[in-house]
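Residue numbers begin at 1 in each chain, while the letters A, B, ... track the order of the sequences. Side-chain atoms are counted along with the backbone in the values below, which use heavy atoms only and exclude waters and symmetry mates. Predicted model only: the values in this text are computed from it and were never measured.
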There are 4 protein chains.
Amino acid sequence: MARKPLTQPRKNAVQQRSRATVDALVEATARILVREGFEKASTNRIAEKAGVSIGSLYQYFPCKEALVAAVIDRHNAEIMRVVRSALAEVADRPVAQAVRRLVAVAIEAHRIDPRLHRVLAEQIPRTGRLKNIEAFNREAHALFRSYLEAHRDELRVADVELAAFLCATSIEAVAHTAVLHGNEALSDEATDALVEQATRMVVGYLQ
Amino acid sequence: MARKPLTQPRKNAVQQRSRATVDALVEATARILVREGFEKASTNRIAEKAGVSIGSLYQYFPCKEALVAAVIDRHNAEIMRVVRSALAEVADRPVAQAVRRLVAVAIEAHRIDPRLHRVLAEQIPRTGRLKNIEAFNREAHALFRSYLEAHRDELRVADVELAAFLCATSIEAVAHTAVLHGNEALSDEATDALVEQATRMVVGYLQ
Amino acid sequence: MARKPLTQPRKNAVQQRSRATVDALVEATARILVREGFEKASTNRIAEKAGVSIGSLYQYFPCKEALVAAVIDRHNAEIMRVVRSALAEVADRPVAQAVRRLVAVAIEAHRIDPRLHRVLAEQIPRTGRLKNIEAFNREAHALFRSYLEAHRDELRVADVELAAFLCATSIEAVAHTAVLHGNEALSDEATDALVEQATRMVVGYLQ
Amino acid sequence: MARKPLTQPRKNAVQQRSRATVDALVEATARILVREGFEKASTNRIAEKAGVSIGSLYQYFPCKEALVAAVIDRHNAEIMRVVRSALAEVADRPVAQAVRRLVAVAIEAHRIDPRLHRVLAEQIPRTGRLKNIEAFNREAHALFRSYLEAHRDELRVADVELAAFLCATSIEAVAHTAVLHGNEALSDEATDALVEQATRMVVGYLQ
DNA sequence: CATGAATGAGTGTTCATTCAT
DNA sequence: AATGAATGAACACTCATTCAT
């Protein structure tokens, strides 16, 4: 009952151990996913790479999908932290500035862990409960739409929802493709040019 | 080119039979992919649905991936036929007209077999040799870029390659998402509005 | 017999606690056996249902079989209490009366916890040390045989041992099957008729 | 369509091979069941003992239970062949003769493969679809009841159904216990005495 | 060419049991 | 004593692929 009295003994030690095991498992899953792909990510292999017994794996994750979902959630959380803070930051800025920032942030977000992002976006069978990747896109879209609605008087589009869909989809696709499908890493100049042009396209449309 | 003209009938018969077997296998694969997903598409099941023995399947396809690749190729070919003819058709039209037509065609293309398109885009592990889905995108992008280069004097963009990437990526993403991720089928009005706005965005940027 | 009388209270407390833990474990095992069957009765689940750690379970029971054996022993003890007291009660009665009472008691005994009885009789793999269910039968048979030997002069059978085997086996099987394999619970009338006829069969044979 | 023209070529060869595999699997299952018990009868072990790959096992049996069910069916079929023919044989005989024969047959039936019978009766978890063991008992009971009904005028019992239940259950239990739970094999004299006494008990009751 | 029986490495998952804390 | 995290052998089952017929 009495907690945080400077020393959290046993239980905390226990919690730390558990936590370390869980982290090791999620991390091992992500690594295998990135290096060898979804097909090679068997539970036994994950446990082995995590330095944990297969029994322990199933103490913390009810099935293989839960492990992959944890990786997805962790990655999505990182991305959404960046996206949410950017959108909060530009909430009161005019559309031209806001869009430029959001395009830049979309690229940044895709650079957090591009190879993992690629695997999650392209290699995971989107069956059953593993639909979560789109979930985060939906949240990002919704936030962007809220911004546009708040700035409706600056816009010269009739249907804000449609405009939001158009712009958010385009920005995401451009950032995704540029970061993941370019043959080489984007140079700073190329990135600047991309941001500049994408911003021009979107702002030109909205205003 | 001309071979053994005497036994040609026989050989033709054989070739026809082979062709029919191959077609049946590809068709069965596509059907199972659409109806039951990649995970259920085992080679034995495909052979059974195609009314062919598993041995025969391996006479025509060296491995499972080759079968899936054939489905992808067939689908891509259908799409590219539409895209190529549209681009040929608009080759000499002004940008505004051409873009409107291309946006409409992008949507049409995604409607050819949306459920198959979805499976191919989302459910197939993109391991090893199964990268072909992007291949077709690359061709479409290249064709569009050629168009823009031929109409460079109508444009007010500095970097045509970058502009082509931006526009083609956006159009593809918008069409893909609208067709496959909308909760219901797009109405005609919604489609018209989408085409109108996407065209405005792209043309506004290019000119 | 009398040990360390000074620390007895403490020790008693401990013993009581132990006793309670053991009881909880046996009870939990029985409940799971009845409600979910042998296959679901894992040691971890038993410990959980008993509100005891898996470590404690192994402090009191060396292995899973020991737990199941304890359930069997407890159930057998209950049954044998009934059977023994009935046999004591009829020890001096004539055969006709005694048999009628014993048939009734056999049915009563199977009704003590029919679902548990069924699981113990049908679902537990009778491997290794888990043969105990027959043990109780052996004791009941022996008691019945003693009764018959004491009343030998009332009987017109040559081989009392064989007669005891025949009658005890038949009574047990009839009671068992009637209680556990009848589609519905036995009505009072049906039970009466069953007792009447079984008694007639056995007494007719013995006398 | 045209079948049995003296030679059943290919297909027959194929069928023979399949049949041999199936037989080997059922036989291996029975052997392991007898020698090592249900718990040791894993599908991999069965396949190995049958000299067949685990894959082949699953080509012919959809799950482990199906394998065990096949063993049960095979054993039941053997027993029922004996029981059915005995009942057909005695159909027109008077009760006293018929019962003596049936008791003898019950013992014979339990001697067909006593160790297998024991495992099937005692060691197989009677879960789900593995209830078949009782099914054969039901058939034997029904046949016996039919006999009694046909000979009702010879009997002095009020309720033929109840009498059939009583006698069939008793005979089965006595035969089962005598064959399987006696410490040693029954001598011929002991068997004769058992048949004699059981017959006396049952006939005395019926008439 | 066609067949389909056969293969066996590999999968996800369970569970009795141990042992450091 | 009590705890519960950890273990890992074992299980039922799948499926891409081979090869004798």
Provide, to the nearest angstrom, the distance between the CG atom belonging to D:L25 and the P atom belonging to F:dC13. 14 Å

Options F:dC13, E:dT14, F:dT17, nucleotide nearest the side-chain atoms of D:K64: F:dC13

Can you tell me if the side-chain N/O atoms of D:T43 get under 4.0 Å from OP1 or OP2 in F:dA12? yes

Specify the residue among C:G51 and A:Q59 whose closest nucleotide of DNA chain F lies further upstream toward the 5′ end. C:G51

Which nucleotide, E:dT14, F:dA5, E:dT7, lies nearest any side-chain atom of C:I54? F:dA5

Would the number of heavy atoms belonging to other residues, nucleotides or ligands and lying under 6.0 Å from CZ of B:R31 be above 12? no

On a whole-Å scale, what distance lies between the P atoms belonging to E:dC1 and F:dT21? 23 Å

Nucleotide nearest A:S53 when distance is taken to its side chain, options F:dA6, E:dA2, F:dT17: F:dA6

Does the side-chain contact (heavy atoms from CB on, under 4.5 Å) test come out yes or no for A:V71 and A:L116, once each step is laid out? CA-CA 9 Å; A:V71 173; A:L116 180 60; 4.0 Å; yes

Round to the nearest Å and state the distance from A:I46 atom CD1 to E:dG10 atom P. 16 Å

Length of the CG-P vector between C:L57 and E:dC15, whole Å: 15 Å

Take the protein atom CG of A:L67 and the nucleotide atom C1' of E:dT11, then report the distance between them rounded to whole Å. 14 Å

For D:Y60, report the nucleic acid contact type (base, sugar-phosphate, nothing); a contact means any heavy atom under 4.0 Å. sugar-phosphate

Whole angstrom value for the distance that separates C1' of E:dA9 from CD of A:E39: 15 Å

On the nucleotide E:dT3, are OP1 or OP2 found under 4.0 Å from the side-chain N or O atoms that B:S56 carries? yes

Have a look at B:S42 and say if it touches a base, only the backbone sugar-phosphate, or nothing, with a 4.0 Å heavy-atom cut-off. sugar-phosphate

At less than 4.0 Å, is any side-chain N or O atom of A:Y58 found next to OP1 or OP2 of E:dT14? Yes or no. no

Test item: C:F61 and C:V22 side chains (from C-beta on) under 4.5 Å apart, heavy atoms: yes

Report the end-to-end axis angle of the helix from E:dA2-F:dT21 to E:dT21-F:dA2; each axis comes from five terminal pairs, and the value is rounded to 10°. 10°

Tell me, do B:T29 and B:V26 make a side-chain contact under 4.5 Å, heavy atoms counted? no

Assign each of B:K40 and D:A41 to its nearest nucleotide of DNA chain F by heavy atoms, then name whichever residue's nucleotide is nearer the 5' end. D:A41

For A:R45 and E:dT13, what is the distance between atoms CZ and C1' respectively, to the nearest whole Å? 19 Å

Shortest non-hydrogen contact from D:I32 to D:K49? CD1-CG, 3.7 Å

Where each residue is assigned the nucleotide of DNA chain E containing its nearest heavy atom, which of D:V52 and A:P62 is assigned the position nearer the 5′ end? D:V52

Taking all non-hydrogen atoms of both residues, which atom of B:L57 and which atom of B:T43 are closest, and how far apart? CD1-O, 3.5 Å

Give the rounded distance in Å between these two atoms: CD of A:E65 and P of E:dT11. 16 Å

In whole angstroms, how far is the P atom of F:dA5 from the CZ atom of A:F61? 14 Å

Got B:V52 and B:Y60 here, is their nearest side-chain heavy-atom distance under 4.5 Å? no

Any side-chain heavy atom of B:E27 within less than 4.5 Å of one from B:R74? yes

Ranking F:dT17, F:dC13, F:dA5 by distance to the side chain of B:N44, first place goes to F:dT17

